[in-house]
2 protein chains.
Amino acid sequence: MNKNDLRVLKTKQSIHLALIKLLKKKPLTHIKVTELCREANINRGTFYFHYQEVGDVFKEFYEEIMVDLKESYQAPYLHTNFLDVANLDPKTVRIFHHIKKYEDFYKIVFSQDVSTHYYFMLFDEIRSICIEDQNTLQQYGELNDYLYSYSANAIMGLIIEWYRHDFKDSADDMNVHLINILKLREA
Amino acid sequence: MNKNDLRVLKTKQSIHLALIKLLKKKPLTHIKVTELCREANINRGTFYFHYQEVGDVFKEFYEEIMVDLKESYQAPYLHTNFLDVANLDPKTVRIFHHIKKYEDFYKIVFSQDVSTHYYFMLFDEIRSICIEDQNTLQQYGELNDYLYSYSANAIMGLIIEWYRHDFKDSADDMNVHLINILKLREA
DNA sequence: TATTTTATTGAACAGTTGTAAAATAAGATT
DNA sequence: AATCTTATTTTACAACTGTTCAATAAAATA
C-alpha cells in the first residue's frame, strides 16, 4: 500500500469527508463501516484494505492534531514548567489554546463510551511535554515516571472539567485556573 | 423486570460467570454477545432483555466494585486530605489498596480501546472522595470544580503509571510516591 | 394449590461484519 | 505510449447484530 498513490489519497479523503459529515449527525460509536462507505462512495472491501474499524479513521485525524500540539511546543522560546510555579507564565501554556482550537474534536475524545485510546494519545503527548519542559529536574530517580504521569493527568483533569462545563471558559481562563491551583500549594 | 425474581438472578449469574470465564481467554472488546450467551447457556433474546451490549455486564461488575471503594472510605476514622500534605498519613489513603485488590479488573479498565465509561466511573468516585475529604476548604468558589478534577485525575495519573508498570509496586509504595510528589511542592 | 404474572425461549428477519478470490481499472514506471 | 503494478471493485460467504412475536415455563401471588 503506497501512501502517495493518488488512488489511496483519493479514497482516504473521501472517507475522511464522509466521517466528518456523519459525525455531525450521530456519535462516533454509532457509525457503521457500511454506512461510512456508502457515504464515501467507496467499496467496503477498500475500507478494510486501509482500516480495521471506523475508529481508525478518527485516529488518523487525531495523529494530525497531535502533530499540531507538538509543533506548538517546538517553538524554543516557549517554556512551561509545571513544577516551577514562580516562573510560570500563563501565556506560555499552549495546551488549553490547542484544545479550544479543536474543541469539537475533543468533545468526541472526552465523551462517554468512546475508545480510551484517544484519551491516552493526548495523555502521552502532554506527558512528553512535561518531560521536555522539566528536563532540569532529573534528581528524583524512579519517582520521575510517576511525577510526570501525575502532572500530565492533572492537566487532563482540568480538561475533563472544562469539557463538562461545555468548554465555556476561555483558554486563558483555564491558564489562570491552573496557576491558581498550583499556587495553592505554596500558601 | 423484577430484580429479585429468581429467574433474573439465575440468568444474570450465568452471564456473569460466563463473562469471567471468557475474559481469561480474550479481551473484553473481542467478546461477542452470541459467544457470551453460548457460554452462559441462555438465549440471546434473554441477554438483550437485560443488557444492550457485552460491556454493560462489565459495568454491572464495576458498580459493585465502586460500592466497595465507597465503603472503604465511609469508615469515619479514615481521612485523606490531598491538599493538607502535613497531616497526610500514607496509611489513610485507601485508594491504592482498593486498586490492588481488584488489580485484574483494573487491568481491563486501563487497557487500550476499552470504553472510556469505566475510566470516568473511577474518576468520579475518586473525585467524590476528594470532595468529602476536603469539605473544610470551601473558600475557592468556582475554582473548586477544577481543583477537585485536577486532584482526582492526578491520582488517576499515578494509577495509569502503576498500570503501565504492570502493578509491580505495592499499594504502600504508591502511597509513598504520592506523599513524595505532594511534598515536592513544599520545598 | 390454583391462578396470574412475566422472564425465557425459539424462530425468523433484514442488516452488518470480516474475510477471500478473481476481475478490473487507475496510476506508476520505463 | 506501452507495460507493469497494485488499489479498487465485484461477488460471495458464514457469522453476528438487534429486533420482534408467539409460545412456553418458571416463579410470584392469592
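Please read all numbers here as calculations on a predicted model, not as lab measurements. Sequence lines set the chain letters: A, B, ... in the order given, protein chains first and strands last, and positions in each chain run from 1.
Side-chain atoms of A:Y73 come within 3.5 Å of backbone N or O of A:R94 as a donor-acceptor pair.
Going from atom CD1 of B:I15 over to atom C1' of C:dT9 covers 14 Å, rounded to whole Å.
Note on A:T11: every side-chain N or O is 4.0 Å or more away from OP1 and OP2 of D:dA7. OP1 and OP2 of D:dT19 both lie 4.0 Å or more from every side-chain N or O belonging to B:Y48. Using a 4.0 Å cut-off, some side-chain N or O of B:T34 falls inside it from OP1 or OP2 of D:dT17. Side-chain nitrogen and oxygen atoms of B:H50 include none within less than 4.0 Å of the OP1 or OP2 phosphate oxygen of C:dA7.
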Quick one, give me the B/S/- string for nucleotides 23-30 of chain D, reading 5' to 3', where B means a protein heavy atom under 4.0 Å from the base and S means that only happens at the primed atoms, P, OP1 or OP2.
---BSS--
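Counting all heavy atoms, side chain and backbone alike, A:D169 lies closest to B:Y146 at OD1-OH, 2.9 Å.
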Salt bridge (charged side-chain N to carboxylate O under 4.0 Å, His left out) evaluation trace for B:E35 with B:R38:
CA-CA 5 Å; B:E35 193 179 9; B:R38 218 170 18 225; 5.4 Å; no
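Residues B:E60 and B:Y51 bring a donor and an acceptor atom of their side chains to less than 3.5 Å of each other.
Atoms SG and OH, from B:C130 and B:Y150 in turn, are 12.5 Å apart once rounded to the nearest 0.5 Å.
Shown for residues 35-47 of chain B: residues whose heavy atoms fall under 4.0 angstrom of DNA chain D, namely B:R38, B:R44.
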